Chemist: 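Take a look at the following structure, please.
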Amino acid sequence: MYKLFQRKPKILSPRVVVRPRRTWQSYLIGMIVSCTLLLLLSWFMYEMGRQSISTPEDALEEKLAYLFDPGTCRQTKKQKLCAQIGDLTQQLQISNTANQNLTEEIKSLASENDQLKEKLEFFQHLIASNTKSGISIYQFSLKETQTPGEYRYALTLIQGGERPNDFKGNLRFTVKLTQNDQSKALPLTKKNQQQDFPVIFKFFHRLEEFFKVPPNSIVENIQVEVFRNGDKKAILSETIQPAL
């Protein structure tokens, strides 16, 4: 009996919890679900922030439309206030229309001013050249039109001198272009396939024509030669490049 009481008590072990072992597939699925939830939360916060910014502007527009609507104004405001709002709205519309008309007039006046400057320069050059006898090229230009492959060229000739005689001669144009990495020089011809453009004038002569080039061609320049009737050698020659 004494030995029974002398026996050492047994040590109780701590409680053991048994959990199932998690595989790497379960960790991967958990990470995917967590990332998806974070993305959805971020998108939701972004949309809420965007709506909070745009909402005041939309609300302001709706409020202004509500205030300036005649029918709504008569129902919710006093008649005198509605009349004042109507007058202000009408004045604003008139002011906007006047500003638009003024802008168009300014553009038109600027265009007319440029034309007048060009004419003034022309007549100044014409008066200055009266002291010099002979033919001269006042203006020669080349520009591509809105139609692909089409170009417009313009030429102005003047003759100076106190009492000049009628100039009778011919103009000859040659276009230099590059097509398929090959340089070519092509003469311009009239509708009747004549290369020479006859001209007769006393003080000045202006010519404006169009021409087209083959596809995949780049115009490098155009040359004009002025011949007097009976002469084989040009008395004037000038070459220009297309304007940008």
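All residue numbers refer to positions in the sequence shown, counting from 1. Source: prediction; values computed, not measured. Both backbone and side-chain heavy atoms feed into the values below; hydrogens, waters and symmetry mates do not.
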Chemist: Please determine whether side chain to side chain contact (heavy atoms under 4.5 Å, CB included) holds for the pair Glu238 and Ile240, giving the CA-CA distance in whole Å, both sets of side-chain angles, and the decisive distance to 0.1 Å.
Modeler: CA-CA 7 Å; Glu238 186 172 342; Ile240 60 168; 4.0 Å; yes

Chemist: Can you check whether Asn165's main-chain N or O pairs, donor with acceptor, with Gln159's side chain at less than 3.5 Å?
Modeler: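 Present.
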
Chemist: I want to check something: taking the side chain as every heavy atom from C-beta on, are Pro187 and Arg172 in contact at a cut-off of under 4.5 Å?
Modeler: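 No - every pair of side-chain heavy atoms lies 4.5 Å or more apart.
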
Chemist: Grab the two heavy atoms, one from Glu144 and one from Gly149, that are nearest each other, plus how far apart they are.
Modeler: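 The answer is OE2-N, 3.9 Å.
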
Chemist: Between Asn101 and Thr97 (side chain of the first, backbone of the second, donor and acceptor by atom type, cut-off under 3.5 Å), is there such a pair?
Modeler: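 Here the side-chain-to-backbone pair exists.
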
Chemist: Starting at OG1 of Thr239, measure out to CD of Glu225 and round the result to the nearest 0.5 Å.
Modeler: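 Going from OG1 on Thr239 over to CD on Glu225, the span is 8.0 Å.
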
Chemist: So if you build clusters from Ile, Leu, Val, Met, Phe, Trp, Tyr with side-chain heavy-atom gaps below 4.5 Å, do Leu188 and Leu177 land together?
Modeler: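 Yes: a chain of side-chain contacts under 4.5 Å links Leu188 to Leu177.
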
Chemist: Less than 4.0 angstrom from a charged side-chain N to a carboxylate O is my criterion; do Glu208 and Arg206 meet it?
Modeler: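 A salt bridge is present here (some side-chain N lies under 4.0 Å from a carboxylate O).
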
Chemist: Do Leu171 and Tyr153 belong to the same hydrophobic cluster, where Ile, Leu, Val, Met, Phe, Trp and Tyr are linked whenever their side-chain heavy atoms lie under 4.5 Å apart, directly or via other members?
Modeler: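 Same cluster.
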
Chemist: Kindly indicate, with the supporting measurements, whether the criterion side chain to side chain contact (heavy atoms under 4.5 Å, CB included) is fulfilled by Leu207 and His205.
Modeler: CA-CA 7 Å; Leu207 175 68; His205 176 79; 4.2 Å; yes

Chemist: With a 4.5 Å limit on heavy-atom distance, are the side chains of Pro242 and Lys143 in contact?
Modeler: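 No, every pair of side-chain atoms sits at 4.5 Å or beyond.
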
Chemist: Taking all atoms of both residues into account, what is the closest heavy-atom pair of Ile158 and Phe201, and its distance?
Modeler: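 Heavy-atom minimum between the residues: C-CE1, 4.2 Å.
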
Chemist: Hey, which of Thr189, Leu142, Leu186 is the one that makes side-chain contact (heavy atoms from CB on, under 4.5 Å) with Phe211?
Modeler: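 That would be Leu142.
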
Chemist: When you measure from the centre of the six-membered ring of Phe167, is the NZ or CZ of Arg228 under 6.0 Å away and within 45° of the axis?
Modeler: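 No, Arg228 and Phe167 do not form such a contact.
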
Chemist: Around atom CD1 of Ile218, are there more than 12 heavy atoms of other residues, nucleotides or ligands at under 6.0 Å?
Modeler: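 Atom CD1 in Ile218 is not packed in, count stays at 12 or less.
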
Chemist: Is there a donor-acceptor pair under 3.5 Å between the side chain of Ser217 and the backbone N or O of Gln179?
Modeler: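 Looks like no, no N/O pair under 3.5 Å.
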
Chemist: Side chain to side chain contact (heavy atoms under 4.5 Å, CB included), that's the test. Do Thr178 and Glu220 meet it? Break it down for me.
Modeler: CA-CA 7 Å; Thr178 302; Glu220 297 182 7; 2.3 Å; yes

Chemist: Check whether Phe173 and Leu157 end up in the same hydrophobic cluster, where Ile, Leu, Val, Met, Phe, Trp and Tyr are linked by side-chain heavy atoms less than 4.5 Å apart.
Modeler: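 Phe173 and Leu157: one cluster.
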
Chemist: Search all heavy atoms of Ala185 against all heavy atoms of Thr174 and return the closest pair with its distance.
Modeler: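 Heavy atoms of Ala185 and Thr174 come nearest at CB-CG2, 4.1 Å.
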
Chemist: Should Leu155 and Ile137 be marked as a side chain to side chain contact (heavy atoms under 4.5 Å, CB included) after you check the CA-CA gap, both sets of side-chain angles, and the distance that decides it?
Modeler: CA-CA 8 Å; Leu155 173 69; Ile137 298 176; 3.7 Å; yes

Chemist: Testing the 3.5 Å rule here: is there a donor-acceptor pair between the side chains of Glu150 and Thr145?
Modeler: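 The criterion, which ignores hydrogens and geometry beyond distance, is satisfied for Thr145 and Glu150.
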
Chemist: Testing the basics here: between Ala154 and Arg152, what is the closest heavy-atom pair and its distance to 0.1 Å?
Modeler: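 Nearest pair, atom of Ala154 first, then Arg152: CB-NH1, 3.9 Å.
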
Chemist: Does a donor on one side chain and an acceptor on the other come within less than 3.5 Å for Asn229 and Asn170?
Modeler: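 Yes - a donor-acceptor pair under 3.5 Å links their side chains.
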
Chemist: Measure from the ring center of Tyr151 to the ring center of Phe210 and say whether it is less than 6.0 Å.
Modeler: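 Distance test on ring centres: not under 6.0 Å, no.
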
Chemist: Taking the side chain as everything from C-beta on, heavy atoms only, tell me whether Phe204 gets closer than 4.5 Å to Tyr138.
Modeler: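 A side-chain contact under 4.5 Å is absent here.
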
Chemist: Heavy-atom count check: over 12 atoms from other residues, nucleotides or ligands less than 6.0 Å from Lys202 NZ?
Modeler: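 Atom NZ in Lys202 is crowded, with more than 12 foreign heavy atoms closer than 6.0 Å.
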
